[in-house]
Amino acid sequence: MSDNEKLEEITGTVEDISFRNEKSGFTVLELDAEDDLVIAVGVLPPLSAGEEVHMYGRWTTHPKFGRQFAAESCESRMPSGASAILRYLSSGAVKGIGPSTATKIVEAFGDRTLEIIENQPLRLAEIRGISKNKAEQISQDFRSHFGLREAMAFLGQYHIDPNQSLAVWKRFGVGCIELIKDDPYVLCADELNIGFERVDAIAMSMEKPADSARRITAGLTYVLTHNLGNGHTCLPKDKLLEVAYSLLEIEPEAVAEQLETAIDENDFMQDEIGGREFIFLPCLYEAELYCAGRIATMAMCPAEPIRNYALQMELIESMTGITYDSRQTEAIDAAMSKGLLVLTGGPGTGKTTTLNAIIQLLEIYGHKVAIAAPTGRAAKRITEITGHEAKTIHRLLEVEWGENDAQSFARNEQNPLDCDALIVDELSMTDILLFQNLLKAVKFGCRLVLVGDSDQLPSVGAGNVLGDLIKSGRVPVVALTEVFRQAQKSAIIMNAHRIVNGEMPQLDLLDNDFFFLPMREKEKIASTICELCFTRLPDAYGFNPLKDIQVLCPGRKGDLGTIELNRVLQQRFNPRHQKRPELDLNGVTFRQGDKIMQVKNNYNVEWKKDDGTEGTGIFNGDVGILEEIDKLRGTLRVRFDDRTATYSVDNADELEHAYAITVHKSQGSEFPAVIIPMYPMAPQLCYRNLLYTAVTRARSILIMVGHKRIAFQMARNQKKTLRYSALDVFLRRDTM
C-alpha cells in the first residue's frame with residue numbers, strides 16, 4: 001500500500017448510492033464517517049447501503065456541491081451482524097432479494113446469512129417463495145458481486161487502478177484471480193492496456209521463472225505490438241530477437257527457440273521478404289495478404305467501364321468554366337475506364353477539381369457515389385470542397401462495439417456497401433486494418449477511387465497503405481504535379497512544393513501569406529505565439545483565437561512541444577479563476593472554457609444540436625470548447641460547432657488540450673491560420689514530410705516563429721520514417 005500512504009484515508013458505512021455508471025464503475029455515494037455524512041466519488045466496486053468501506057483519496061471542493069472525497073482506491077467489508085446484513089440485502093444489492101425476502105432470509109439464518117448464500121445456496125429454498133433455481137441464481141449473483149471486489153482488492157496490491165481492474169474483471173470474470181496467479185501474462189491482453197513491464201513485475205513478485213514460455217511469448221508479442229505504434233506491420237526476425245533479448249534479459253537461445261515454437265503454433269507468422277525473414281502478428285499478416293488479394297482481384301475484374309463521355313465532359317467544362325489539363329484528363333479517364341484509381345497530388349495541383357469532375361460524371365451516369373475519409377475533420381473538409389456528404393470510414397462501415405469495446409463493422413463481405421462508386425480521401429491516414437475492413441465492404445463491380453498526398457505523413461496506425469499501393473506498380477496511379485497559375489500566387493503553396501522537392505523555403509517574404517519571425521529564446525518564441533494567437537492575428541485579420549488559429553508542433557514533448565505550449569497558452573487565454581471550474585485528470589488541468597480535441601473515434605458519446613437534433617459520435621480530431629465541468633455527476637459538456645456532447649469523467653482521457661496540437665493530429669484538417677514553432681527538437685521529428693504536412697494545413701496565413709536553421713534542416717532531411725510493411729510485396733507476388 002505504499003502508493004496509498006501518500007493519500008488521505010476515510011472509513012465509514014455506505015448510506016446511499018446517489019449515482020453509478022455500471023459500465024465505467026464511476027460512483028457517487030453518501031458515506032457515514034463517524035457521524036459525519038460525506039460525499040465520496042470515484043471508480044469503485046459495486047457497493048450497497050450498509051457496507052463498511054475504507055477509502056484512500058483526496059479531499060476536493062466542488063464549486064456547486066461543496067466538499068467531497070475523491071476516492072482513488074476502496075477496500076470494502078461485507079456487513080456483519082443481522083441488522084447490517086438485513087439493511088444490505090434490503091437495498092437490492094443482490095438480484096432476486098427485495099426487502100420482504102431479505103427479512104425472511106435474515107430471520108432464518110441471522111449472522112450466518114451471507115455465508116449461507118455463498119456456500120450453501122440450496123438452504124435458501126427452505127424459505128417459502130424461494131425455489132432451488134432461484135436460490136442458485138441468488139448465490140451466483142452474490143458471488144459475482146463479491147468477486148469483483150476481491151479482484152479489485154487483489155489487483156490493487158499490484159497498483160493496478162480501479163478502471164483497469166474493472167476491465168480485467170469484465171475480460172476474465174469470476175475466476176480471474178486464480179487465472180492471474182497461474183499465468184499473470186494474461187494481463188498483457190491488448191484491451192487491458194496494462195503493459196508488459198508492469199505485468200512482468202507482477203510475475204516476478206510471484207516468483208514466476210524468467211525463462212518460461214509464456215513470459216518469452218508475451219515479451220515477443222509486446223515488442224511486435226509496441227512497434228505497431230511506430231507504423232510497422234512486421235519486424236525483421238533478427239531485429240525482433242535482438243530487442244527481445246534486451247527486454248527479457250535471458251539466454252538468447254531460449255528466446256530464439258520459443259519464437260520458433262510460437263511460429264509453429266501460429267502465435268506469430270513468418271514470411272520471407274527480399275531474402276530476409278519477417279515476423280508478423282497474425283492479424284496484421286492476414287490484413288496485408290487480404291488487401292493485396294482483394295486489390296489484385298479488383299484490378300483483374302474491374303467495374304464496367306464508362307465510355308463515350310466526351311459530350312458530358314464538355315458540358316461540365318462549360319458549366320464550371322474549367323479546362324482540364326492532360327494529367328487531370330488522364331485521371332478522369334482512369335476512374336471511368338479502369339474502375340480502380342489512386343489519385344495523388346500536392347496543394348494547388350487541381351486534385352479537388354479533378355475529383356469533383358469524377359463525381360459529376362458518375363452521377364450523370366446514375367451511379368450512387370459514397371465518399372469517406374479516415375477522420376471526422378477530414379470528412380467535414382471533403383464535404384465542404386465537393387458539396388457531397390462524406391462520412392468517416394468507421395461510420396460508413398457502421399461500426400459496432402461489443403464486450404470490452406471490441407470493434408466490428410456491420411458492413412462487410414456479407415453486407416456490402418450500397419454504392420456503385422466509393423471515393424476515399426486522405427488515404428495516407430488510413431492504416432492497414434481499417435483498409436482491410438473497408439475493402440471487405442466493397443462489393444464486386446464497385447468503382448474505387450483512392451485519393452491522397454503521398455508526400456504527407458503516413459497513418460498513425462500500422463501500415464503504409466498509400467505508399468505501398470503506389471510502390472507496387474500493380475494499381476493505376478495518376479499523380480498531379482503541375483501547380484496552377486492561381487495557386488502560384490500563394491507563398492504557402494509554393495513553399496510547400498519547394499519543401500517537398502528538397503529546396504529551401506523562402507522565409508523572407510513580407511507581403512504574402514507565409515511569414516517567418518526569427519527569434520532565439522524559447523520564452524520569447526512562446527510569448528510571441530501567445531501574442532499572435534490572442535492579439536495580433538485577431539486584430540489584423542479578424543480571426544477568432546479559438547476557431548480560426550491553430551498552433552502546430554512537431555511533437556508533444558520538449559521545450560516547445562504541445563504539452564508545454566498548451567500549458568502556456570491555457571495560462572494566457574484561460575487562467576485559473578475561483579469562479580471557473582476545473583478538473584485534474586492524469587496530471588492535466590482541464591478548465592471550463594478550454595479549447596480541447598477529441599483524440600479517438602467514439603461513436604457512443606451523445607450530442608445534441610442547437611436545433612434539438614440528437615445523435616451519437618464524436619471523432620478523432622474534432623476540436624471544441626469545454627463548456628461545463630460537473631464533478632458531482634462526473635460529467636463534462638463540450639461544444640463542437642453547433643452541437644454539444646456530454647462525457648463521463650472516465651471518458652475524459654479521450655480529450656486533450658488543443659491550443660497547440662501535433663502535426664500528426666492535424667492531418668486531414670485545414671485552418672485559416674497556422675503558427676509553427678521552429679525550435680530544436682528530437683532528431684526523429686526533424687524531417688521533410690512532417691514540415692510539408694504542417695505547411696499544407698494552412699489555408700490563408702502561415703507563420704513560423706523561431707530558428708530559420710530548423711526549417712532548413714527539416715526541408716533538407718528527406719529521410720522518411722522507415723516502416724516495415726508488406727502490402728507492396730504481396731501485391732507484386734505472382735500468386736496474387
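This chain uses plain numbering: 1 for the first residue, then up along the sequence. Note that the coordinates shown come from a computational prediction; the quantities given were computed from them, not determined experimentally.
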For the [atom1] atom on [X], are there more than 12 heavy atoms of other groups (residues, nucleotides or ligands in this structure) within a distance under 6.0 Å?
X    : atom1 : value
K208 : NZ    : yes
R307 : CZ    : no
E413 : CD    : yes
K557 : NZ    : no
F444 : CZ    : no
E304 : CD    : no
D264 : CG    : yes
K380 : NZ    : no

Residue pair [X] / [Y]: nearest heavy atoms and the distance that separates them:
X    : Y    : result
T562 : I661 : CG2-C, 3.4 Å
V199 : P184 : CG1-O, 3.1 Å
I358 : A331 : CD1-O, 4.3 Å
D468 : D728 : O-CB, 3.4 Å
R215 : P209 : CD-O, 4.2 Å
L552 : A694 : CD1-O, 3.8 Å

Hey, are the side chains of [X] and [Y] touching, using non-hydrogen atoms and a 4.5 Å cut-off?
X    : Y    : value
V663 : C553 : no
I710 : M714 : yes
T354 : N356 : no
H226 : V223 : no
I250 : I216 : yes
V424 : V449 : no
T233 : N464 : no
L235 : I279 : no

**OP:** Evaluate the criterion side chain to side chain contact (heavy atoms under 4.5 Å, CB included) for residue pair H388 and I382; output intermediate values, then yes/no.
**Re:** CA-CA 8 Å; H388 291 69; I382 192 65; over 6 Å; no
Just checking, is any N or O donor in the side chain of [X] or [Y] under 3.5 Å from an acceptor N or O on the other one?
X    : Y    : answer
Q598 : R377 : no
E288 : S725 : no
N230 : N227 : yes
Q713 : Y687 : no

Original post:
Does the pair D453 and K351 meet the rule for a side chain to side chain contact (heavy atoms under 4.5 Å, CB included), with working shown?
Top reply: CA-CA 10 Å; D453 185 344; K351 193 168 54 180; 4.0 Å; yes
Salt-bridge test for [X] and [Y]: reply yes if a basic N is under 4.0 Å from a carboxylate O, no otherwise.
X    : Y    : value
R411 : E398 : yes
K368 : D420 : no
E330 : R327 : yes
R733 : D271 : yes

Can a donor-acceptor pair be found, under 3.5 Å and without considering hydrogens, that links the side chain of [X] to the backbone of [Y]?
X    : Y    : result
R688 : A715 : yes
E260 : E257 : no
T662 : R556 : no
E426 : Q667 : no
N717 : C686 : yes
D455 : V500 : no
R732 : R474 : no
T344 : G452 : yes
R447 : M336 : yes

**OP:** Kindly say whether the aromatic ring centers of Y692 and H497 come within a distance under 6.0 Å.
**Re:**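 No, the ring centres sit 6.0 Å or more apart.
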[atom1]/[X] to [atom2]/[Y] distance, rounded to the nearest 0.5 angstrom?
X    : Y    : atom1 : atom2 : result
E249 : D200 : CD    : CG    : 9.5 Å
E670 : R699 : CD    : CZ    : 4.5 Å
L289 : F280 : CG    : CZ    : 7.5 Å
S669 : D622 : OG    : CG    : 9.0 Å
F409 : H394 : CZ    : NE2   : 4.0 Å
I295 : S472 : CD1   : OG    : 8.5 Å

Original post:
What do the steps show when you test L702 against I676 for side chain to side chain contact (heavy atoms under 4.5 Å, CB included), and what is the final call?
Top reply: CA-CA 8 Å; L702 185 133; I676 308 173; 4.0 Å; yes
**OP:** Could you go through the side chain to side chain contact (heavy atoms under 4.5 Å, CB included) check for L361 and M313 one step at a time?
**Re:** CA-CA 8 Å; L361 276 175; M313 275 301 299; 3.4 Å; yes
Subject >> Cation-aromatic face contact K237/F278, 6.0 Å, 45 degrees >> reply: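 Because its charged atom misses either the 6.0 Å distance or the 45° angle limit, K237 does not stack over F278.
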Original post:
Please walk me through it: do Y222 and E197 pass side-chain hydrogen bond (donor to acceptor under 3.5 Å, both in side chains)?
Top reply: CA-CA 9 Å; Y222 167 72; E197 290 96 336; 2.9 Å; yes
**OP:** Please lay out, stage by stage, how R214 and Q258 fare under the test side-chain hydrogen bond (donor to acceptor under 3.5 Å, both in side chains).
**Re:** CA-CA 9 Å; R214 282 292 296 126; Q258 180 55 32; over 6 Å; no
Original post:
What orientation do Y185 and F196 show, parallel under 30°, tilted 30 to 60°, or perpendicular over 60°?
Top reply: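 Taking F196 first and then Y185, their aromatic rings lie parallel (interplane angle under 30°).
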**OP:** Report the C-alpha separation of R276 and D238 in whole Å, then their side-chain angles, then the decisive distance to 0.1 Å, and conclude whether the salt bridge (Lys or Arg N to Asp or Glu O under 4.0 Å) test is met.
**Re:** CA-CA 9 Å; R276 195 177 186 186; D238 55 330; 3.2 Å; yes
